[in-house]
Amino acid sequence: QVQLVESGGGLVPAGGSLRLSCAATGYTLTINVVAWYRQPPGKQRELVASITRGGSATYADPMKGRFTISRDNAKNTVYLQIDSLKPEDTAVYYCAVKPVLKNTYDYWGQGTQVTVSP
């Protein structure tokens with residue numbers, strides 16, 4: 001089992017920056033890919049970015065340019081840096097884990113709220 005805890009969200013003016021953290025505990029050796037998702041109010045959850053254990057990052061097209069995902073395997077932590085925040089970035093941000101030998105995200109955190117004021 002893997003447990004995930006997100007942190008780093010908050011209320012930020014437009015144009016500001018945040019760095020979100022996703023800390024993993026449990027059987028972390030099973031972790032392969034870690035992804036960030038977000039769910040704006042009243043909208044469906046959407047993929048933000050993902051990163052492999054080796055550090056290869058992939059971004060959803062709308063997220064390219066302002067979002068940076070990184071990983072510190074020694075700390076079992078994945079980060080999401082968000083720059084030039086926009087009001088439409090307001091959402092609950094979740095991290096999720098795709099275990100080795102799996103093609104689904106089996107473990108999810110509880111989310112951290114990001115609110116961007118105009």
Side-chain angles (χ1 to χ4, degrees):
Q1 294 181 316
V2 175
Q3 296 79 43
L4 304 173
V5 178
E6 302 95 335
S7 62
L11 177 62
V12 182
S17 298
L18 281 175
R19 189 178 76 160
L20 310 181
S21 298
C22 173
T25 58
Y27 194 32
T28 57
L29 290 176
T30 65
I31 297 175
N32 185 14
V33 182
V34 180
W36 283 97
Y37 285 78
R38 71 181 186 184
Q39 186 168 20
K43 298 181 180 179
Q44 295 182 343
R45 184 177 294 176
E46 62 181 347
L47 176 68
V48 176
S50 64
I51 188 167
T52 68
R53 187 169 184 84
S56 180
T58 301
Y59 300 91
D61 284 339
M63 317 302 171
K64 292 180 179 178
R66 299 188 297 111
F67 292 77
T68 304
I69 189 171
S70 60
R71 184 168 184 166
D72 188 337
N73 291 331
K75 297 180 179 179
N76 292 316
T77 302
V78 173
Y79 305 95
L80 182 69
Q81 177 74 29
I82 314 174
D83 297 316
S84 301
L85 281 159
K86 302 177 180 180
E88 51 263 42
D89 295 324
T90 295
V92 178
Y93 284 72
Y94 301 89
C95 65
V97 163
K98 183 185 297 183
V100 295
L101 304 179
K102 296 292 187 68
N103 60 4
T104 56
Y105 288 98
D106 293 344
Y107 307 103
W108 293 79
Q110 294 178 316
T112 185
Q113 176 71 47
V114 173
T115 303
V116 183
S117 62

Considering all heavy atoms, the nearest Trp36-Ser21 contact
CH2-O, 3.6 Å
Going by distance alone, is a donor N or O of one side chain under 3.5 Å from an acceptor N or O of the other, for Arg45 and Tyr37?
no
For residues Leu80 and Val12: do they belong to one hydrophobic cluster (side chain heavy atoms under 4.5 Å, members Ile, Leu, Val, Met, Phe, Trp, Tyr)?
yes
Could you tell me the separation between the CG atom of Leu20 and the OH atom of Tyr94, rounded to the nearest 0.5 Å?
13.0 Å
Do Ile82 and Tyr79 share a hydrophobic cluster, counting only Ile, Leu, Val, Met, Phe, Trp and Tyr and linking them when any side-chain heavy atoms are less than 4.5 Å apart?
no
Nearest-0.5 Å distance, CZ of residue Arg19 to OG of residue Ser70
7.0 Å
Quick one: do the Asp72 and Thr77 side chains pair a donor with an acceptor below 3.5 Å?
no
Return the OG1 to CG distance between Thr115 and Leu11, rounded to the nearest 0.5 Å.
6.0 Å
Please answer: with hydrophobic residues joined when any side-chain heavy atoms are less than 4.5 Å apart, are Val78 and Val114 in the same cluster?
yes
Nearest heavy-atom approach of Glu6 to Gly111 is OE1-N, 2.8 Å
Of all heavy-atom pairs linking Pro99 and Tyr107, the shortest is CG-CE1, 3.6 Å
Rounded to the nearest 0.5 Å, what's the gap from CZ on Arg53 to CD1 on Ile31? Could you check?
7.5 Å
What's the separation between atom SG in Cys22 and atom CZ in Arg71, rounded to the nearest 0.5 Å?
9.5 Å
Rounded to the nearest 0.5 Å, how far apart are CD of Gln44 and CZ of Arg38?
13.5 Å
With the 4.5 Å side-chain cut-off for hydrophobic clustering, are Val48 and Val116 part of the same group?
yes
Which heavy-atom pair separates Ala49 from Tyr59 by the least distance, and what is that distance?
CB-CD2, 3.5 Å
I would like to know whether Leu4 and Val97 meet side chain to side chain contact (heavy atoms under 4.5 Å, CB included); could you show each step before the answer?
CA-CA 8 Å; Leu4 304 173; Val97 163; 3.7 Å; yes
Quick one: closest heavy-atom pair of Ser17 and Gln81, and the distance?
CB-NE2, 3.8 Å
Side chains of Asn76 and Thr25, heavy atoms from C-beta outward: is any pair under 4.5 Å?
no
Heavy atoms of other groups near Gln113 CD, more than 12 under 6.0 Å:
yes
I'd like to know if Asp89 and Lys86 make a salt bridge, using a cut-off of under 4.0 Å between side-chain N and carboxylate O.
no
Closest non-hydrogen atom pair between Ala24 and Val2, with its separation:
CB-CG1, 4.2 Å
Determine whether Ile69 and Val33 fall in the same hydrophobic cluster, where Ile, Leu, Val, Met, Phe, Trp and Tyr are linked whenever their side-chain heavy atoms lie under 4.5 Å apart.
no
